Amino acid sequence: MNIVLVGMQWGDEGKGKVIDILSQKVDYIVRYQGGNNAGHTVVVGDKEYIFHLIPSGILHAGKICCIGNGVVIDPEVLLRELDDLRNNGIDFARRFKISTLAHLIMPYHKNLDQLREGKRKNKIGTTGRGIGPCYADKINRCGIRMIDLANPAVFRDKLKDNLKEKNEIFKKVYQHPGFNFEKVYRQYLDYGKLFAPYMSNTAVLLNEAVDKKMDVLLEGAQGTFLDIDFGTYPFVTSSSATSGGACIGTGISPVKIDKVVGVCKAYTTRVGEGPFPTEYASGFGNFMRDKGKEFGATTGRPRRCGWFDALMARESVMLNGISELAIMKMDILDGLDKVKVCIAYKYKGKTIKEFPHDLEVLSKAVPVYKEMPGWPTQDNKPSSFKGLHPNARAYLLELESRLKAKITMVSIGSAREDTLFI
Ligand code: IMO
Ligand code: MG
């Protein structure tokens, strides 16, 4: 069974935890897009792991973990992540693979990201990790790939070309001194040597695995509404976070995908700029943010919080072909008098039932809510769906019927054990 896992909102849905759980049942786990703008948290016992690039499945002994060709890699971050694994006694030597086709985030990408953002009138609120400029170079056909580090002559030419153009932009547009060729060249060749044991034609590796009927989990980062095509453009990331990106980002054909699992929070959060119709008023928003510990795993930025938006989530089910849902952080809604689900928007007197593409409409749309009774915090955490308070169950069934997909997992705490399976 080959499964794609996608975020259904604006990222931070709790994908890390679901990947960790599903990893137990598969043989291969692959990241297919994004870079270290992602932050996937897994709690094992009293230890918290945060992964930015390596699939969180690496915590499970024997599982093969790949960084697919669709990912953009900051070598410094990847090395740090590998060091962390070593320090925690996790053996990955023979089960970690990096696609030779993955593009590299270069030092100039990070600076360009931050400098461009500084100049923009309407800021995107990027993570400043160089993601946008790296993908832009990929599409511009001047990007540098993992495989290039294994061929010093090729790498030299490509880097020379890039720095010639970029240093002029740095100087003329941003009054920045630019980058020294030798320094970057030497540093990245060293990275290349360190990564050489892991570099692999992951598309071949994965397709052989699929042919042998082994199970592959394709792990998406970010979320559907941060997708470069379907998200709230331009307040999006620069890759295809939707399930379609899983094929492009790994080389596994669409006909080989068996199932798409969508992950969403029982409410909504967003970090960075951009419209967010169901955002809570600030007082309640701050309360919920503290309660849900809604601070970025990557940048530490406070996340904006709001009610569950069924319009968005249903669109996400459609775009990704989701048949199964994991509803995360259900426990954060415990103890509220009332809970709300957005079922439509109102704009200029009209009711809208489809997620609008015009950002002005989305910014001004007023959510239409279905209000439902809340539920108390239970003294003992339930161990099954039936053990949830009836109002909590009613809330979940409401989501299920509106989204037209089946809830198979409900998370009621950060630990692996705090998960209800249906
Ligand atoms: P995970 O995988 C939440 C957001 C940024 C910004 C926009 C563009 O943890 O769910 P970028 O640096 O990608 O150019 O920033 O996208 N963003 C995320 N928000 N979770 C993420 O990943 C995100 N990755 C990017 O905050 O609004
Ligand atoms: Mg995040």
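Each ligand, and each atom within it, is numbered from 1 in the order the structure gives. All of these numbers come straight from a predicted model, not from anything done at the bench.
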**Shortest heavy-atom approach to atom 14 (O) of ligand 1 - which of Thr126, Ile228, Val72, Asn37** = Thr126
**Which of the ligand 1 atoms, numbered from 1, are nearer than 4.0 Å to a heavy atom of Val236** = 7 (C), 8 (C)
**Within the 6.0 Å centroid threshold, strictly below: Trp375 and Tyr395** = yes
**Asked** Can you check whether Gln222 has an N/O within less than 3.5 Å of an N/O in ligand 1?
**Response** yes
**the Mg ion (ligand 2) neighbourhood, protein N/O/S only, threshold under 2.8 Å** = Asp12 OD1
**Asked** Are Lys160 and Phe181 in a cation-pi setup, meaning NZ or CZ lies under 6.0 angstrom from the ring centre and within 45 degrees of the ring axis?
**Response** yes
**Identified side-chain contact (heavy atoms from CB on, under 4.5 Å) counterpart of Tyr198 within the set Thr100, Ile98, Ile67** = Ile98
**Asked** Under 6.0 Å between the ring centres of Phe308 and Tyr267?
**Response** no
**Item:** Parallel, tilted or perpendicular: ring planes of Phe51 versus Tyr49, cut at 30 and 60 degrees
**Value:** parallel
**Item:** Residue pair Lys17, Met328: steps toward the side chain to side chain contact (heavy atoms under 4.5 Å, CB included) verdict
**Value:** CA-CA 9 Å; Lys17 179 174 169 176; Met328 312 305 286; 4.0 Å; yes
**Asked** Counting heavy atoms only, which part of Arg129 comes closer than 4.0 Å to ligand 1: side chain, backbone, both or neither?
**Response** neither
**Phe421 and Phe385 aromatic centres sub-6.0 Å** = no
**Prompt:** At a 4.0 Å threshold, what atoms of ligand 1 neighbour a non-hydrogen atom of Arg301?
**Reply:** 5 (C), 26 (O)
**Message:** Please determine whether ring pair (Phe, Tyr, Trp, His ring centres under 6.0 Å) holds for the pair Phe284 and Trp307, giving the CA-CA distance in whole Å, both sets of side-chain angles, and the decisive distance to 0.1 Å.
**Reply:** CA-CA 11 Å; Phe284 186 57; Trp307 294 115; 5.7 Å; yes
**Asked** For atom 12 (O) of ligand 1, what is the nearest protein heavy atom, given as residue, atom name and distance?
**Response** Thr127 OG1, 2.6 Å
**Item:** Whether Tyr108 and Phe179 hold their rings parallel, tilted or perpendicular, with breakpoints at 30° and 60°
**Value:** perpendicular
**Asked** Which of the numbered atoms in ligand 1 are below 4.0 angstrom from a heavy atom of Lys15?
**Response** 1 (P), 2 (O), 10 (O)
**Message:** Just to be sure I'm reading this right: ignoring hydrogens, which of Thr232, Asp12, Thr41, Leu226 gets closest to atom 4 (C) of ligand 1? Compare them by their nearest heavy atoms.
**Reply:** Leu226
**Message:** For ligand 1, which is the ligand I care about here, please tell me if Thr237 has any N or O atom under 3.5 Å from one of the ligand's N or O atoms.
**Reply:** yes
**For Trp10, atoms of ligand 1 separated by under 4.0 Å from a heavy atom** = 3 (C), 19 (N)
**Asked** After noting the C-alpha distance and the side-chain angles of Met330 and Val410, does the key distance pass the side chain to side chain contact (heavy atoms under 4.5 Å, CB included) rule?
**Response** CA-CA 7 Å; Met330 185 63 185; Val410 179; 3.8 Å; yes
**Request:** Test side chain to side chain contact (heavy atoms under 4.5 Å, CB included) on Tyr345 and Lys353 and set out the steps.
**Result:** CA-CA 7 Å; Tyr345 302 142; Lys353 294 209 162 182; over 6 Å; no
**Request:** Between Gly125, Gly272, Gly39, flag the one that comes closest to atom 5 (C) of ligand 1 by a heavy atom.
**Result:** Gly125
**Asked** If you measure from CD on Gln114 to OG1 on Thr127, what distance do you get to the nearest 0.5 Å?
**Response** 9.0 Å
**Item:** For Ala38, the ligand 1 atoms whose distance to one of its heavy atoms is below 4.0 Å
**Value:** 1 (P), 2 (O), 9 (O), 22 (O)
**Fill in**
Taking only non-hydrogen atoms of Ala221 and a 4.0 Å limit, the atoms of ligand 1 in range are 2 (O)
**Message:** If you compare all heavy atoms of Ile58 against all heavy atoms of Ile90, which two are closest, and at what distance to 0.1 Å?
**Reply:** O-CG2, 3.7 Å
**Item:** Per-atom contacts, ligand 1 versus Val271 - under 4.0 Å to a heavy atom
**Value:** 3 (C), 19 (N), 26 (O), 27 (O)
